[in-house]
Colleague: 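One structure, as structure tokens, below. Some questions next.
In what follows, every heavy atom counts, from backbone to side chain, and hydrogens, waters and symmetry copies are set aside.
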Amino acid sequence: MLKKMHTMNTTTDEVLEFVQENDVQFIRLSFCDLLGFHKNIAIVADELPAAFANGISFDAHAIKGFRDVMQSDLLLFPDPDTMMLLPWRPGPGRVVRFYCDIRNPDKTTFPCDGRALLKQVVERCQKLGYICNVGTKCEFYLFKTNENGEPTNVTLDKGGYLDISPLDKGENIRREICLTLKEMGIKPESSHHEQGPGQNEIDFKPSNILAAADNLQTFKSVVKAVAARNGLFASFMPKPLPGAAGSGLHVNLSLAQNGINVFRNQNGGLSKIAENFIAGILARTPEMTLFLNPLANSYRRFGEFEAPKYISWSHQNRSQLIRIPAAVGEKVRLELRSPDSSLHPYLAFGLILAAGLDGIESQRALPDAVDVDLYTADENITKTLIPLPDALDKAIVLAENSSFVREVVGEELLMKYITLKKAEAAAFAAAEDKAQFDREQYFGVV
């Protein structure tokens, strides 16, 4: 019988006791590289006390964008609040995973640690008296694999939106994913087949924004592990199939104060705080799009299959960048519809929250709602709206020239990120076959 752990404010002593009493033999220390890819080091359980006290060293020069070879050492310090047993690694010799703080050898924060950056924005939010809650809606495709276990471009099924078996062949995979997540303490809210063939969506209950970012990383790992266990390949590529729906990551946000959702007002509409918060995100989305949609492939998704194209908002309307879903009371929230799952969750969520907080602090006025279908709207309407950047190189320019982005992520992180993205954009521009570039660069890894 497993001993239960606290879910918040867990101490290192409690973690060490749990590890000892539950036959935990291996520890995975996880973190994100600069582009949001999941990395980890495995240590034996006996080394965990030393990891808490002094960190575990790794070669940061080998992580793209982190350090040069002259100063290559960085340290991972496990966050005890993030301990999770990995259900697909059962006993004897169980495996647990921690997300880690990345620090310099002198134990100061590494400037390119996105999780530390998000913590800083969360602290700013708390000083204003708010807790930001986030629920994600994450889409992905399931592809068949060949005799060597390599992914093909053949989808698991030909089903469509909300289809059931036999058209939907992914229901058992989604069930297994949801049960695995639940076993890990993560709470899915719903799941279904999406519009594209072999496309699926799993939605999550709101949690504090740091936990939501952690859970998104865990979710992607679980999806890929469960798919592989079933002889399939899961892809979070934004637009894996030309002519089919792209995969988005819809981010639902609200703010709580003293346990009460401050997005709602007494008349059933949006509160002034909510309007300011939404206005801040609308104003900053063009310049932070590079971090919400970081791949050249990301921009193939915009403007079709309910993906946005313009900076606009409305109630319920799925053609908008931000929509206010039909909800009442504590469920009133905004839904940001432009991001996709190739993003670095800590950097993206940090920027989104910072943009909203800027809107509150400056009391930014919310523009009028655009209550039309923007996919069929007359040009007289669309020409008055600011478009989202429609290519990676355009998003790079907006981010590089943004004082807001620079202030939130810091000069060093921004310059390293921009350097990597400029190289990617140049390689995409030089590629004669863009579809082949997408497949070679993104399909097997995102």
Side-chain angles (χ1 to χ4, degrees), residues 7-10 30-32 36 38 79 81-82 84 99-101 109 113-138 181 184-189 202-220 248-263 273-274 276-278 280-282 284-285 288 291-292 322 324-325 327 330-341 343-361 404-405 407-410 413:
T7 56
M8 291 182 64
N9 301 319
T10 305
S30 296
F31 65 100
C32 273
H38 203 155
D79 181 343
D81 285 342
T82 65
M84 279 186 177
Y99 287 116
C100 298
D101 298 321
T109 298
D113 181 359
R115 194 166 185 271
L117 181 150
L118 178 55
K119 285 182 177 180
Q120 291 172 3
V121 182
V122 167
E123 185 176 339
R124 175 186 167 195
C125 185
Q126 291 172 342
K127 286 180 178 178
L128 291 173
Y130 305 115
I131 292 174
C132 182
N133 293 311
V134 168
T136 55
K137 297 182 175 182
C138 194
L181 291 166
M184 299 173 76
I186 300 173
K187 298 177 180 178
E189 193 170 52
I202 296 179
D203 304 344
F204 292 90
K205 292 183 177 180
S207 56
N208 74 76
I209 193 169
L210 180 62
D214 287 341
N215 291 345
L216 178 58
Q217 288 295 90
T218 302
F219 167 72
K220 291 176 68 175
L249 173 70
H250 300 156
V251 182
N252 288 265
L253 300 98
S254 63
L255 294 177
Q257 188 174 51
N258 299 321
I260 307 251
N261 183 359
V262 298
F263 264 35
I273 291 171
N276 297 153
F277 191 83
I278 294 167
I281 294 174
L282 288 172
R284 299 299 187 183
T285 293
M288 63 184 179
F291 291 88
L292 309 185
I322 290 178
I324 310 302
E330 293 307 304
K331 292 191 174 182
V332 175
R333 64 197 186 276
L334 72 86
E335 181 181 78
L336 180 63
R337 298 178 59 80
S338 64
D340 64 64
S341 292
L343 53 67
H344 187 310
Y346 304 103
L347 297 181
F349 287 7
L351 283 161
I352 294 167
L353 178 55
L357 295 178
D358 277 4
I360 291 174
E361 291 182 315
F404 163 75
V405 171
E407 182 179 351
V408 175
V409 306
L413 189 154

Colleague: Taking the side chain as every heavy atom from C-beta outward, state whether M84 and I186 have any pair of such atoms under 4.5 Å apart.
Modeller: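 Heavy-atom side-chain distance check passes, below 4.5 Å.
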Colleague: Is there side-chain contact between L413 and L347, with heavy atoms separated by less than 4.5 Å?
Modeller: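 L413 vs L347: side chains touch.
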Colleague: Whether the side chain of N208 engages the backbone of I131 through a donor-acceptor N/O pair (distance < 3.5 Å, no angle test) should be reported.
Modeller: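 Side chain of N208 to backbone of I131, a donor-acceptor pair under 3.5 Å: no, none is there.
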Colleague: Determine the minimum heavy-atom distance between G129 and Q257, stating which atoms define it.
Modeller: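 Nearest heavy atoms, G129 then Q257: O-CG, 3.3 Å.
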Colleague: Do side-chain atoms of K220 reach the backbone of H38 as a donor and acceptor pair under 3.5 angstrom?
Modeller: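 No: the side chain of K220 does not pair with the backbone of H38.
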Colleague: Between Q217 and C32, which heavy-atom pair has the shortest distance, and what is it?
Modeller: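 Closest approach of Q217 to C32, heavy atoms only: NE2-SG, 3.0 Å.
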Colleague: Kindly give the heavy-atom pair with the smallest separation between E361 and L128, and that separation in Å.
Modeller: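 Closest heavy-atom pair between E361 and L128: OE2-CD2, 3.6 Å.
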Colleague: Which value, rounded to the nearest 0.5 Å, describes the distance between S30 atom OG and D79 atom CG?
Modeller: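 CG of D79 is found 12.0 Å from OG of S30.
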Colleague: As an exercise, state the distance from OH of Y130 to CG of N258, rounded to the nearest 0.5 Å.
Modeller: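 Answer rounded to 0.5 Å: 10.5 Å.
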Colleague: Does any non-hydrogen side-chain atom of I260 lie less than 4.5 Å from one of E330?
Modeller: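 They are in side-chain contact.
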Colleague: Verify side-chain contact (heavy atoms from CB on, under 4.5 Å) between T285 and I322, making sure each step is shown before the conclusion.
Modeller: CA-CA 10 Å; T285 293; I322 290 178; 5.7 Å; no
Colleague: I want to check something: taking the side chain as every heavy atom from C-beta on, are L255 and C125 in contact at a cut-off of under 4.5 Å?
Modeller: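 Yes - at least one pair of side-chain heavy atoms lies under 4.5 Å apart.
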Colleague: Check whether D203 reaches the backbone of K137 with its side chain - one donor and one acceptor, N or O, closer than 3.5 Å.
Modeller: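 No; zero donor-acceptor contacts below 3.5 Å.
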Colleague: Of all heavy-atom pairs between L351 and V409, which one has the smallest distance, and what is that distance?
Modeller: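 L351 and V409 have their closest heavy atoms at CD2-CG1, 4.1 Å.
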Colleague: Hey, mind stepping through F31 and D101 against side-chain contact (heavy atoms from CB on, under 4.5 Å) and telling me if it holds?
Modeller: CA-CA 8 Å; F31 65 100; D101 298 321; over 6 Å; no
Colleague: If you measure from CG on D358 to CD1 on I281, what distance do you get to the nearest 0.5 Å?
Modeller: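 It comes to 10.5 Å.
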Colleague: Would you find more than 12 non-hydrogen atoms of other residues, nucleotides or ligands less than 6.0 Å from K119 atom NZ?
Modeller: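 Enclosed.
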Colleague: Atom CD of residue position E189 - does it have more than 12 heavy atoms of other residues, nucleotides or ligands inside 6.0 Å?
Modeller: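 Buried by this count: over 12 neighbours within 6.0 Å.
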Colleague: Walk me through whether L216 and L249 qualify under side-chain contact (heavy atoms from CB on, under 4.5 Å).
Modeller: CA-CA 10 Å; L216 178 58; L249 173 70; 3.7 Å; yes
Colleague: What's the spacing between L253 CG and R333 CZ if we round to 0.5 Å?
Modeller: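 Reported value, rounded in 0.5 Å steps: 10.5 Å.
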Colleague: Does I324 reach the side chain of F263, with side-chain heavy atoms less than 4.5 Å apart?
Modeller: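 The answer is no; the side chains never approach within 4.5 Å.
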Colleague: Nearest 0.5 Å, what's the CG-CZ distance between L334 and F277?
Modeller: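 One finds 6.5 Å between CG of L334 and CZ of F277.
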Colleague: Check whether any side-chain heavy atom of F204 lies under 4.5 Å from a side-chain heavy atom of N215, and answer yes or no.
Modeller: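 Sidechains of N215 and F204: no contact.
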Colleague: How long is the span from the OG1 atom in T218 to the CE atom in M184, to the nearest 0.5 Å?
Modeller: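 With rounding to 0.5 Å, OG1 (T218) is 5.5 Å from CE (M184).
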Colleague: Is there a side-chain contact (heavy atoms from CB on, under 4.5 Å) between Y346 and L117? Walk through the geometry before answering.
Modeller: CA-CA 7 Å; Y346 304 103; L117 181 150; over 6 Å; no
Colleague: How close do P339 and V251 get, heavy atom to heavy atom, and via which atoms?
Modeller: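 Scanning both residues completely, I find the closest heavy atoms to be CG-CG2, 4.1 Å.
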Colleague: Check V121 against A354 and note the closest heavy-atom contact, atom names and distance.
Modeller: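 Looking at all heavy atoms of both residues, the shortest contact is CG1-N, 3.8 Å.
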Colleague: Could you check whether any side-chain heavy atom of I202 comes within less than 4.5 Å of a side-chain heavy atom of C138, counting everything from C-beta outward?
Modeller: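 Of all side-chain heavy-atom pairs linking C138 with I202, none is under 4.5 Å.
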Colleague: Is the closest basic N to carboxylate O distance between E123 and K127 below 4.0 Å?
Modeller: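 Salt bridge present between E123 and K127.
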Colleague: Measuring only between side-chain heavy atoms, which start at C-beta, is D214 closer than 4.5 Å to R115?
Modeller: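 In contact.
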